[in-house]
> 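Below you'll find the structure I mean.
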Amino acid sequence: MTAHRKSHLFYQTKHRRPVLDQARGVYLWDVEGKRYLDGSSGAMVCNIGHSNPNVLEAMRRQMEKSTFGYRLHFETESAELLAAKTAELTPEGMDRAFFASGGSEIVESAIKLARQYAVAMGEAMRWKVISRFPSYHGATLGALAVTGYTPMTAPFEAMMRPMPKVPAPRAYLDGLDPEDPETGLHYAAMLERKIVEEGPETVLAFLVEPVGGASTGALVPPSGYMAAIREICDRYGVLLIHDEVMSGGGRTGKFFSGEHWNVVPDILVVSKGYAAGYAPLGAMAAKDHIVDAVLDSGGFIHGYTYAGNPLACAAGLAVIKEIESEGLMDKAVSIGTLLKSRLTALMDRFDFIGDVRGKGLLLAFELVSDRKTMAPLPRELMAYDRLVEMAYARGLIIYSRRTRGGYEGDHFMVCPPMIATETHVDEIMENLTAALEAFSALVTPHLKRTA
Ligand SMILES: Cc1ncc(COP(=O)(O)O)c(C=O)c1O
């Protein structure tokens with residue numbers, strides 16, 4: 001990372017990155033002229049690539065008309081059109097949408113809608129939202145309470161109402177076959193046990209990322225899991241909320257990743273890829289009877305100044321149009337298949353790669369000290385940070401997190417925009433391989449290699 005330089009801005013640490021000059025397609029340039037391949041689409045956001053002229057034009061047209069219209073004073077055409085488009089993209093019976101400015105805000109909105117629905121139905125005792133560990137649902141205190149990533153939640157625990165967690169279905173770590181439907185049932189049974197333990201009459205919802213994001217590193221649920229959790233939620237009157245903030249928007253090859261298993265949630269949220277970084281936007285859709293019950297019981301007691309912002313909605317509409325007209329979901333499947341096979345091939349060369357996983361272009365690989373036991377690398381090695389820096393120095397951006405709930409384990413998201421070509425995959429692989437080679441020297445003394 002660039003050494004500390006004087007700035008009036010602050011984020012997580014004192015270390016600062018180079019200043020961005022411009023971004024086009026899959027590339028970004030800093031003010032020194034160095035080029036970077038956006039191998040993680042920012043934080044899995046810029047799904048259609050940077051500076052798309054059609055999106056910029058749609059935003060310019062909207063800006064010329066109006067940039068802000070407050071929802072209590074005006075309806076706006078772009079919000080109305082995006083809501084109609086959302087209804088078309090979401091499963092049947094989810095005909096109305098609510099908008100916010102990002103993932104955390106929209107997760108909070110889903111939790112509040114679920115809660116208000118329970119109250120409207122005379123079930124005010126339902127308030128617990130079960131989620132998984134690890135998981136990430138956002139940084140605001142409500143979304144953080146349902147997040148399973150200890151370093152981010154621990155400092156704030158005293159300020160949040162603890163919410164029950166069940167283990168994420170990480171078959172690859174537990175030595176189970178993800179293709180065996182028994183594996184899915186094994187993890188789904190943990191949800192049922194938790195509902196019973198908590199008292200079913202107190203459980204409001206189960207919140208789940210159908211294909212995992214950064215906390216699990218693109219975890220794909222084992223066979224049978226998604227159908228089983230739907231069935232369990234129905235049995236206990238628990239709402240199923242799909243957090244598609246990262247997995248929605250086409251990156252997995254379907255617009256919403258829950259579609260891979262034909263599972264219809266009660267409430268669904270999406271954000272990052274929805275406006276693909278052109279504007280801050282999050283969207284929520286819910287089954288009609290939920291929205292109706294809440295609106296009929298006095299209204300949805302929730303809102304944001306920027307909910308349904310016309311510029312953000314115009315950007316979202318243009319991004320979705322681009323995804324559809326350019327066939328980007330099919331491209332995510334074909335380029336994702338190629339990229340995943342090339343990442344998997346790296347396992348022959350680097351025995352500290354323990355797993356490669358994901359769907360479409362939501363992909364990750366995980367480092368271990370022993371592939372047989374899947375023991376993580378020593379946490380002090382800071383592999384998640386160091387490999388990212390080695391790639392960054394070579395002009396390749398990838399995104400990493402600690403795998404085991406935030407404290408140890410190292411996985412890396414490789415998620416270029418859906419417009420990436422085979423040539424871009426070659427470039428990613430060339431720079432990633434070079435970074436892994438450099439990293440190899442550091443890591444080799446720490447490998448356990450069980451016979
Ligand atoms: C699955 C999921 N939910 C919620 C969020 C929070 O979104 P935001 O950072 O836009 O608030 C994220 C962000 O990474 C996410 O991946």
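These values consider heavy atoms only, across backbone and side chains, with no hydrogens, waters or symmetry-generated copies. Whatever order the structure lists them in is the order used to number ligands and atoms, beginning at 1. Residue indices begin at 1 and follow the sequence shown.
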> Report yes or no: do His260 and Lys254 form a side-chain donor-acceptor pair below 3.5 Å?
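There is no such pair (donor and acceptor under 3.5 Å, judged by atom type) between the side chains of His260 and Lys254.
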> Determine, step by step, whether Tyr27 and His424 satisfy the ring-ring contact (aromatic ring centres under 6.0 Å, His included) criterion, reporting the C-alpha distance in whole Å, the side-chain angles of both residues, the deciding distance to 0.1 Å, and the verdict.
CA-CA 10 Å; Tyr27 293 109; His424 298 131; 5.6 Å; yes
> Do we see a donor-acceptor contact under 3.5 Å between the side chains of Glu244 and Ser257?
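Note: Glu244 and Ser257 side chains meet the donor-acceptor criterion.
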> Any luck finding a side-chain donor-acceptor pair between Arg357 and Thr216 under 3.5 Å?
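Per modelled atom types, Arg357 and Thr216 side chains form no pair under 3.5 Å.
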> List the protein residues in contact with ligand 1, where contact means a heavy-atom separation under 4.0 angstrom.
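Answer by chain and number: Gly102, Gly103, Ser104, Tyr136, His137, Gly138, Glu209, Asp243, Val245, Met246, Lys272.
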> Does the side chain of Ile267 come within less than 4.5 Å of Tyr117's, by heavy atoms?
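A side-chain contact is absent here, since even the closest heavy-atom pair is not under 4.5 Å.
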> Classify the side-chain pair Tyr70/Thr305 by whether it contains a donor and acceptor separated by less than 3.5 Å.
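No pair is found: no donor N or O on one side chain lies under 3.5 Å from an acceptor on the other.
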